[in-house]
Amino acid sequence: MRTIELFCVVFWCLCAAAWASTNRQPCQSPSMTSGTLSVSSTGGHDIADGEFNYDSTAKKLRFVENESHSNKTSHMDVLIHFEEGVLYEIDIKNESCKKQTLKYHRHPMELPSDTHYESEAYLGSPTKSEQGLRVRMWNGKLPDLHANYTMLTTSCGCLTVSYCYHSEKTDLYFSFMNVETEVDDAHVFAPPAYCDGVALEDTPDDHSFFDLFHD
């Protein structure tokens with residue numbers, strides 16, 4: 001069975017042992033979060049692994065790929081200002097920058113307002129101290145991308161644990177680890193000075209955060 005499908009099956013199996021579903025409104029992620037983000041695709045291929053910082057109030061995200069994770073010749077360093085609809089691809093070594101429009105604003109760090117609450121369950125043991133994590137499962141559709149998703153958040157705090165994305169183009173699995181409710185340096189959300197004056201490239205309306213992660 002394909003790895004992404006297996007993860008999604010595990011998510012759905014959790015429902016069978018979960019508490020009875022109740023109507024819940026989507027929770028709000030903390031104002032600041034940071035940690036490690038790993039992305040894999042169908043067949044278990046590792047696509048990216050790195051550090052993320054997210055400001056849910058200003059809707060700004062920075063993701064810097066770990067250079068030691070793979071033998072890639074280039075590594076991703078992106079800054080996204082979702083409210084402004086701008087994506088920066090940053091090359092610190094060469095002090096170069098690329099700016100693109102990003103008109104589609106949904107991403108794995110935040111629950112959409114139209115998400116559907118499925119259930120609540122424990123990952124691990126509900127009775128052994130520090131050996132379980134209580135999570136909530138959400139799912140929904142992303143019609144503009146012809147995609148759907150399943151998302152796990154912590155029951156307390158609304159931290160994203162994992163996100164399973166399925167579309168006509170690709171299947172992606174996002175895993176969030178070592179998440180903190182703070183950002184060490186808020187300057188990570190500001191584009192470098194050498195991005196000033198760089199022309200903004202227009203992209204299709206369905207160009208999204210998920211397009212950054214192609215196998």
Side-chain angles (χ1 to χ4, degrees), residues 1-57 61-66 68-70 106-142 147-166 171-184 209-210 213:
M1 181 181 291
R2 297 184 307 174
T3 301
I4 303 302
E5 290 177 342
L6 178 59
F7 277 121
C8 293
V9 167
V10 170
F11 288 170
W12 285 111
C13 287
L14 284 172
C15 291
W19 289 274
S21 177
T22 59
N23 291 326
R24 290 186 185 273
Q25 295 300 312
C27 58
Q28 178 65 46
S29 59
S31 59
M32 294 284 185
T33 51
S34 60
T36 301
L37 170 61
S38 296
V39 187
S40 57
S41 70
T42 302
H45 300 134
D46 292 338
I47 296 177
D49 181 272
E51 300 302 313
F52 79 91
N53 291 272
Y54 180 56
D55 180 341
S56 69
T57 303
L61 168 70
R62 182 73 176 267
F63 176 72
V64 181
E65 191 174 5
N66 187 349
S68 64
H69 179 67
S70 67
R106 292 193 175 181
H107 55 84
M109 272 66 75
E110 196 160 316
L111 281 166
S113 60
D114 60 353
T115 194
H116 175 68
Y117 170 74
E118 276 294 328
S119 60
E120 195 166 50
Y122 268 97
L123 296 177
S125 172
T127 59
K128 300 295 184 181
S129 177
E130 299 185 357
Q131 294 188 35
L133 177 65
R134 191 169 181 173
V135 296
R136 291 175 183 167
M137 181 187 295
W138 315 81
N139 61 48
K141 298 183 182 297
L142 305 172
N148 54 64
Y149 66 90
T150 300
M151 183 173 178
L152 292 185
T153 65
T154 56
S155 294
C156 180
C158 200
L159 300 177
T160 304
V161 177
S162 58
Y163 188 101
C164 185
Y165 171 88
H166 173 72
D171 293 336
L172 296 171
Y173 181 76
F174 298 82
S175 180
F176 296 81
M177 296 168 287
N178 301 319
V179 178
E180 301 287 348
T181 55
E182 60 184 5
V183 168
D184 289 338
F209 169 83
F210 303 101
F213 304 98

Return the [atom1] to [atom2] distance between [X] and [Y], rounded to the nearest 0.5 Å.
| X | Y | atom1 | atom2 | value |
| --- | --- | --- | --- | --- |
| M177 | S175 | CE | OG | 4.5 Å |
| S125 | E130 | OG | CD | 12.0 Å |
| F176 | M109 | CZ | CE | 5.0 Å |
| L111 | H116 | CG | NE2 | 12.5 Å |
| F209 | H107 | CZ | NE2 | 8.0 Å |
| E110 | T153 | CD | OG1 | 12.0 Å |

Do you know which two heavy atoms are closest between [X] and [Y], and how far apart they sit?
| X | Y | result |
| --- | --- | --- |
| Q25 | W138 | O-CH2, 3.4 Å |
| P26 | S113 | CG-O, 3.7 Å |
| Y165 | L142 | CE1-CD1, 3.8 Å |
| N53 | S34 | OD1-CB, 3.3 Å |
| E65 | I47 | OE2-O, 3.7 Å |
| F210 | P108 | CE2-CG, 3.9 Å |

*Distance-only, no hydrogens or angles: does the T154 side chain make a donor-acceptor pair with backbone N or O of L159 under 3.5 Å?*
yes
*Is there a donor-acceptor contact under 3.5 Å from the side chain of T115 to the main chain of G140?*
no
_Intermediate values then yes/no, side-chain hydrogen bond (donor to acceptor under 3.5 Å, both in side chains), T36 and E51_ = CA-CA 5 Å; T36 301; E51 300 302 313; 3.2 Å; yes
*Is the ring centre of Y149 less than 6.0 Å from the ring centre of Y163?*
yes
_Please tell me whether F174 and F213 form a close aromatic pair, meaning their ring centres lie under 6.0 Å apart._
yes
*Can N139 and T150 be said to form a side-chain hydrogen bond (donor to acceptor under 3.5 Å, both in side chains), step by step?*
CA-CA 4 Å; N139 61 48; T150 300; 5.3 Å; no
*asked:* Is the shortest side-chain heavy-atom distance between P30 and Y54 below 4.5 Å?
replied: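 The answer is no, as the side chains (C-beta and beyond) never meet within the 4.5 Å cut-off.
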